[in-house]
Colleague: 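This is the structure I have questions about; it appears just below.
Whatever order the structure lists them in is the order used to number ligands and atoms, beginning at 1. These numbers come from the heavy atoms of this one structure, side chains and all, not from hydrogens, waters or symmetry mates. Nothing here was measured: the structure is a model prediction, and the numbers come from that model.
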Amino acid sequence: MLKPLDIHPGVGDRRAVMEEVNRTAAGKKLQHPASHAPRIFADTADIEEIRPLQERGVISGVTTNPTLLKRAGADSWESAMKIMKDIVDLVAPDPVSLELTELEPVGMIEQAKKLAGIGENVVVKVPVGGYKAINEELDSFTGLRVINQLWKDDIKTNCTLIFNSTQAFWAANAGATYVSPFLGRVADYLYQNDQVERPPGNSLYYVEDHKIPEGGADRVANTAYVAMDGARKDSGIRLINEIVAIFNNYRIKTEVLAASFRNAVQVTECLLAGADILTVPAPLLMGVTDHPLTSQGMAAFVEDSKVFEK
Ligand code: G3P
C-alpha cells in the first residue's frame, strides 16, 4: 500500500498554487481549514444517485460517460442529452463532464460546442486515444488535437481513458483541464492477468492462499491484498502517484481526476498520492462515514448517555 512517506515532496507546493476549493465564507473569522483539499465528484449519470450526495454537500462535481448514460436509461442521443442537461442544471455551478461520441475532429469539435452550450459548468470529456482501434483510417492523435483546439476555444476538457503517465503528460501539454486515470481498470487488468505462482506484488488482487478467487474483481480479496502491502509493487495507485509526481515536477495545473474506483482503500490511496479530484461511484460515497468500529463506538456512547436522561 502507498505509505505517507511515498508522497512526492512537491505535492504540497503544487496544491498551494492550485485553486482553493473550500473558500472561507464571507464574515467568517475562522479560515476554512481544508481550503486546498481534493474535490470529490460522483461518477454516475443517475440523477437519483447524484441528488442525495448533492444535498448532503458530499460532492463538488459529476463525471459521466456513454456507459454510465446507458446504465441510467439513455437509449438514444436525445434521451442522453436530456439526462445530461438535467444533471448539468442540478449540479451547477459545479463541473459536469460529458463525453464526446463523435470520432473525427470536425464532428467532435461541433459536438463539443453543443455539449458546452448545455451549461457553463460543462466539461467536455475526450478520450486520449484508441481511435485507430475503432477505425484504421483515424489519426491516433485525434483526441489531443481536439483537446488543443477546445483549449484555444476556451472550452474546458477532461482527457479520459488515461492508463499511463505519458498519456497524462501529453494531454496536459495539449491543454486539458483535467486528466482521468482509471486506476480500478488497471487493478482489474492485473487481477485478470496475474500469475499466481509469482510472489505478492504481481497483482492488486493477490490473496493469502495464493489463489485468485472465482468471480472476477472480488472486493474482499482486493482489501486483503492491500493489507498485505502488495499494492505498492504495482497497482492502480502507482498510475496516480506517477502522474501527480510528474505534474508536481513542472507545476502543471491540469488537475489529476482519479477515476474508476472499486473500494474505499483506493480512495485512501489516492488521497495519499495527492490526486486533485476523486470521482467515486455513488454507493461507495454513501458509505464513507461508516465503519464497523464507528458503529460499535456510537452504540456504546448512546447506551452510556442514557444515564444523563435520569
Ligand atoms: O470515470 C470513469 C469510470 O466511469 C470508469 O469506471 O468502473 O467503468 O472502470 P469503471
Side-chain angles (χ1 to χ4, degrees), residues 38-50 53 58-74 80 83-84 87-88 91 94-101 115 121-130 133 143 147 156-165 167-168 171 176-193 203-205 215-219 221-223 231 235-240 243 254-267 269-271 273 275-287:
R39 286 183 284 173
I40 305 295
F41 290 4
D43 193 26
T44 176
D46 183 340
I47 202 157
E48 296 314 324
E49 285 190 340
I50 296 166
L53 292 164
V58 174
I59 54 167
S60 311
V62 169
T63 52
T64 69
N65 63 36
T67 305
L68 294 172
L69 281 162
K70 186 177 168 191
R71 204 178 291 160
I83 293 172
M84 291 191 279
I87 296 171
V88 167
V91 173
D94 288 334
V96 179
S97 288
L98 307 177
E99 190 158 330
L100 297 178
T101 56
L115 290 175
N121 53 330
V122 168
V123 175
V124 175
K125 216 169 175 185
V126 187
V128 66
I147 286 168
K156 288 186 176 174
T157 54
N158 173 356
C159 186
T160 191
L161 287 170
I162 298 279
F163 287 98
N164 68 40
S165 46
Q167 286 177 315
T177 318
Y178 309 93
V179 287
S180 288
F182 282 20
L183 80 157
R185 290 200 193 174
V186 172
D188 294 346
Y189 179 87
L190 293 171
Y191 166 67
Q192 283 153 10
N193 294 279
S203 159
L204 182 63
Y205 296 102
D218 187 292
R219 289 177 185 186
N222 175 33
T223 307
S235 73
I237 198 59
R238 177 180 164 144
L239 175 65
I240 310 298
I243 296 171
T254 296
E255 292 196 83
V256 182
L257 199 167
S260 176
F261 284 86
R262 301 286 179 263
N263 55 57
V265 174
Q266 287 167 326
V267 172
E269 290 205 303
C270 282
L271 294 174
D276 299 305
I277 301 166
L278 285 64
T279 189
V280 183
L284 201 51
L285 283 178
M286 288 305 279

Colleague: Tell me whether Asn121 contacts the main-chain N or O of Val88 through its side chain, where contact means a donor paired with an acceptor under 3.5 Å.
Modeller: yes
Colleague: Between Ser97 (side chain) and Lys125 (backbone), is there a donor-acceptor pair under 3.5 Å?
Modeller: no
Colleague: With heavy-atom distances below 4.0 Å as the criterion, list the atoms of ligand 1 near Ala259.
Modeller: 1 (O), 2 (C)
Colleague: Can you list the ligand 1 atoms lying under 4.0 Å from a non-hydrogen atom of Arg185?
Modeller: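 Taking each heavy atom of Arg185 in turn, ligand 1 has 5 (C), 8 (O), 9 (O), 10 (P) under 4.0 Å.
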Colleague: Pairs of nitrogen or oxygen atoms closer than 3.5 Å, one from Thr63 and one from ligand 1: do any exist?
Modeller: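 N/O-N/O distance below 3.5 Å does not exist for this pair.
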Colleague: Is the side chain of Thr177 donor-acceptor paired with the backbone N or O of Thr157 at a distance under 3.5 Å, no angle test?
Modeller: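 Yes: the side chain of Thr177 pairs with the backbone of Thr157.
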Colleague: Please report the closest heavy-atom contact between Glu99 and Pro127, naming both atoms and the distance.
Modeller: OE2-CG, 3.8 Å
Colleague: How does Phe261 reach ligand 1, by side chain, by backbone, by both or by neither, if only non-hydrogen atoms under 4.0 Å count?
Modeller: neither
Colleague: Which of the atoms of ligand 1 are close to Ser260, meaning less than 4.0 Å from one of its heavy atoms?
Modeller: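 Heavy-atom distances to Ser260 below 4.0 Å select 5 (C), 6 (O), 9 (O), 10 (P).
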Colleague: Considering only protein heavy atoms, which is closest to atom 2 (C) of ligand 1, and at what distance to one decimal place?
Modeller: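 Closest protein heavy atom to atom 2 (C) of ligand 1: Phe182 CZ, 3.3 Å.
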Colleague: If you take all heavy atoms of Gln167 and Leu161, which pair is closest and at what distance?
Modeller: OE1-O, 4.0 Å
Colleague: Show the atoms of ligand 1 that are less than 4.0 angstrom away from any heavy atom in Asn65.
Modeller: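 Under 4.0 Å from Asn65, ligand 1 has these atoms: 3 (C), 4 (O).
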Colleague: Please step through side chain to side chain contact (heavy atoms under 4.5 Å, CB included) for the pair Leu69 and Met84, ending with a clear verdict.
Modeller: CA-CA 8 Å; Leu69 281 162; Met84 291 191 279; 3.8 Å; yes
Colleague: Would you name the heavy atoms of Thr64 and Leu68 that are closest together and state the gap between them?
Modeller: CA-CD1, 4.0 Å
Colleague: List the closest protein heavy-atom neighbour of atom 3 (C) of ligand 1: residue, atom name, distance to the nearest 0.1 Å.
Modeller: Asp43 OD2, 3.0 Å
Colleague: Which of the numbered atoms in ligand 1 are under 4.0 angstrom from any heavy atom belonging to Arg262?
Modeller: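 Close to Arg262: 7 (O), 9 (O), 10 (P).
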